[in-house]
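Atoms within each ligand, like the ligands themselves, are counted from 1 in listed order.
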Amino acid sequence: MPRTKLVAGNWKMNTTLAEAKALAAAVVAGVESDDRIAVAVCPPFPWLLPVAEVLRGSPVALGAQDVYSEKKGAFTGEVSPGMLRECGCRYVIIGHSERRHILGESDAVVNHKVHAALDEGLHVILCIGETLAERERQLTERIVQRQVLAGCTGLKDDQLARLTIAYEPVWAIGTGQVATPEQAQEAHATIRATLRHVRGPAIAEALPILYGGSVTAENAAGLLHLPDVDGVLVGGASLKADSFLGIVRAAKK
Ligand code: PGA
């Protein structure tokens, strides 16, 4: 079965409430139902409910940018997987490089969050990727393998059916320096080979792997046709409906 392509917009800590609703409405207006691709937007936490209202009845799914690993309790400031579900989220991004590198999330923390979100029935977009220093020291393969193995530790096969991995080289995020198709394909093939080795061919072939890092409407097509690229996670270019919809169109081709 061909893997369904996913185009997900990570709005990060951007948009006012009015901008978020307008952006969601413009995305909805430009996306038709299509079995071959899935489209999601991931607004900041406080905008999840109002954006869910705008997306209602449309093929555009809602995602969150992070989640906590506990169901409830004394965890001031955190948001549980169940809360995200009640807000209408289908997806949650976990282990984004900004959370790993700015907020200090470890592989273990990321793995706990992945478990908690999958247990709640959410679809997880698990982000991994090497820094520039790691790439320059030829450590890309090792880093990516470590993050895949750590992120997936202890997951059951049926949980992996709701897991998507996003390969986001840290040096490509928000820099305008997109990975070349060769770099992306090489890393994605490494990820799939790692999954094949530890979880078997059926899971490795079925699991979608997204590319993220300076994706634009102009460069998306060159990435999306690669054999192991099953979609894109888009930051900056997801904040304007026309550029995001341009990427959605590229995914349909
Ligand atoms: P960018 O961000 O598209 O702005 O590089 C991607 C991401 O962080 O997911």
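Close approach to H96 involves these atoms of ligand 1, each under 4.0 Å from a residue heavy atom: 7 (C), 8 (O), 9 (O). Against a heavy-atom cut-off of under 4.0 Å, N10 is close to the following atoms of ligand 1: 9 (O). Of all the atoms in ligand 1, the ones that sit under 4.0 Å from a non-hydrogen atom of L233 are 9 (O). When each atom of ligand 1 is checked for a heavy atom of G213 under 4.0 Å away, the hits are 5 (O). Close approach of ligand 1 to A172 is summarised as follows: ligand atoms under 4.0 Å from at least one heavy atom of the residue are 5 (O).
Neither the backbone nor the side chain of S97 has any atom closer than 4.0 Å to an atom of ligand 1 (non-hydrogen atoms only). Of all the heavy atoms of I173, the ones lying under 4.0 Å from any atom of ligand 1 are found in both the backbone and the side chain.
Residues D157 and I203 are in side-chain contact: their nearest non-hydrogen atoms beyond the backbone lie under 4.5 Å apart. In this structure the side chain of L122 never reaches within 4.5 angstrom of the side chain of R162, judged on heavy atoms. Side-chain contact between L233 and I125 is present, with at least one heavy-atom pair separated by less than 4.5 Å.
Using modelled atom types, one finds a donor on one side chain and an acceptor on the other under 3.5 Å when comparing W47 with T15. If you check the side chains of Q185 and D228, you find a donor sitting under 3.5 Å from an acceptor. Counting only N and O atoms by type, the side chains of N14 and E19 include no donor and acceptor under 3.5 Å apart. No side-chain N or O of W11 forms a donor-acceptor pair with one of Q65 less than 3.5 Å apart.
At least one N or O atom of G174, backbone or side chain, sits closer than 3.5 Å to an N or O atom of ligand 1. Looking at G236 next to ligand 1, an N or O pair under 3.5 Å apart turns up. Where the criterion is an N or O separation shorter than 3.5 Å, residue side chain and backbone included, S214 meets it with respect to ligand 1.
The shortest contact between atom 3 (O) of ligand 1 and any protein heavy atom is with G235 N, 2.8 Å. If you check which protein heavy atom lies closest to atom 9 (O) of ligand 1, you get E168 OE2, 2.6 Å.
Between H188 and Y167, the angle of the ring planes goes over 60°, which puts this pair in the perpendicular group of the 30/60° scheme.
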